[in-house]
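FYI, the numbering just counts along the sequence from 1.
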Amino acid sequence: MDDVVDERFVSSIAEADSPMWAVRAAAGRRLATATRLEGVAHVLHRLLLDGDDTGVTADTAAALLARRDLAGLRAVLAARAVASDEGTADQLAAELDGDPRWATGEGGSELTAQLRTLAADTDPDVRGEALLRLSRLR
């Protein structure tokens with residue numbers, strides 16, 4: 001187990017492998033609340049790209065975006081950039097496009113600023129997805 005994994009999330013990590021989509025979705029929602037995502041990033045990435053049910057993808061992405069921070073947005077952008085399943089890719093795009101912050105001027109400005117920061121990310125997938133999202137704002 002990674003040193004940065006909070007003990008509270010050990011059961012959620014195990015539940016991320018459940019055959020039941022609702023259990024996996026709940027695990028994604030809980031893991032998205034981790035103070036530091038580094039220790040659970042690989043599990044969150046897998047849940048975001050869940051090939052069996054877009055409900056898992058939707059719940060995990062929504063919980064990450066609800067954090068309103070760079071780490072949560074970065075995780076969703078990273079998954080969207082590599083999503084090979086059309087349904088999963090569409091669900092991730094829908095969660096990004098439906099982020100409630102777009103509904104307010106202040107929230108939209110916050111999200112745009114985060115996208116600008118991630119447009120310079122060291123990960124080319126994250127960088128590319130952030131640039132794509134910014135290009136659609138113009």
Side-chain angles (χ1 to χ4, degrees):
M1 175 94 34
D2 196 314
D3 288 339
V4 295
V5 174
D6 188 311
E7 287 300 315
R8 295 174 298 159
F9 298 112
V10 173
S11 64
S12 295
I13 291 169
E15 290 168 354
D17 291 323
S18 172
M20 297 173 11
W21 79 268
V23 174
R24 294 193 312 278
R29 290 190 304 270
R30 282 190 304 275
L31 291 171
T33 68
T35 304
R36 295 183 57 198
L37 293 181
E38 297 88 355
V40 295
H42 62 290
V43 179
L44 284 166
H45 190 75
R46 193 179 51 188
L47 291 168
L48 287 166
L49 297 174
D50 191 286
D52 295 324
D53 198 298
T54 56
V56 178
T57 301
D59 282 10
T60 304
L64 284 164
L65 293 172
R67 294 169 58 96
R68 298 180 68 134
D69 65 3
L70 280 174
L73 178 58
R74 185 179 192 282
V76 178
L77 291 174
R80 172 63 183 92
V82 299
S84 59
D85 175 76
E86 186 177 348
T88 300
D90 288 348
Q91 189 63 53
L92 288 166
E95 295 303 327
L96 286 161
D97 294 342
D99 188 317
R101 290 182 287 176
W102 290 125
T104 66
E106 183 180 315
S109 295
E110 174 187 281
L111 192 49
T112 300
Q114 289 176 344
L115 286 169
R116 285 190 179 121
T117 298
L118 292 171
D121 197 87
T122 56
D123 181 326
D125 290 331
V126 172
R127 185 172 59 244
E129 193 63 32
L131 288 168
L132 175 65
R133 300 250 154 229
L134 285 169
S135 74
R136 293 179 179 166
L137 297 178
R138 296 186 179 117

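Nearest heavy atom pair, residue A16 against residue A27, reads N-CB, 3.9 Å. Shown here for G28 and L47, the closest heavy-atom pair between the two residues is CA-CD1, 3.6 Å. Here the closest non-hydrogen pair linking L37 and A32 is CD2-O, 4.1 Å. Closest heavy-atom contact between A119 and L134: CB-CD1, 3.9 Å. Looking at every heavy atom in both residues, D97 comes nearest to R133 through OD1-NH1, 2.6 Å. Closest of all the heavy-atom pairs between D123 and R74 is CB-NH2, 3.4 Å.
Distance check: L111 CG to T104 OG1 gives 9.5 Å after rounding to the nearest 0.5 Å. For the atom pair CG (L70) and CG (L118), the distance works out to 5.0 Å, reported to the nearest 0.5 Å. If you take CD on E110 and CG on L73, they are separated by 10.0 Å, rounding to the nearest 0.5 Å. Here the CG atom belonging to L31 is positioned 9.0 Å from the CD atom belonging to E15, to the nearest 0.5 angstrom. The distance from the CG atom of L77 to the CG atom of D121 is 9.0 Å, given to the nearest 0.5 Å.
Residue V10 is not grouped with residue V23 when hydrophobic side chains (ILVMFWY) are merged at heavy-atom distances under 4.5 angstrom, including chains of intermediate members. L132 and V76 are assigned to two separate hydrophobic clusters, defined by single-linkage of ILVMFWY side chains at heavy-atom distances under 4.5 Å. Side-chain heavy atoms closer than 4.5 Å link hydrophobic residues (I, L, V, M, F, W, Y) into clusters, and following such links, possibly through other members, connects W21 to V43. I13 and M20 fall into different hydrophobic clusters, defined by Ile, Leu, Val, Met, Phe, Trp and Tyr side-chain heavy atoms under 4.5 Å apart, directly or through other members.
Identified under the side-chain hydrogen bond (donor to acceptor under 3.5 Å, both in side chains) test for residues 51-60, with sequence neighbours left out: R29-D59.
Side-chain contact between Q114 and T117 is absent, with no heavy atoms from C-beta onward closer than 4.5 Å.
A donor-acceptor contact closer than 3.5 angstrom links the side chains of E95 and Q91.
With R67 contributing its side chain and A34 its backbone, the two residues share a donor-acceptor pair below 3.5 Å. In terms of modelled atom types and a separation under 3.5 Å, the side chain of D99 and the main chain of W102 share no donor-acceptor contact.
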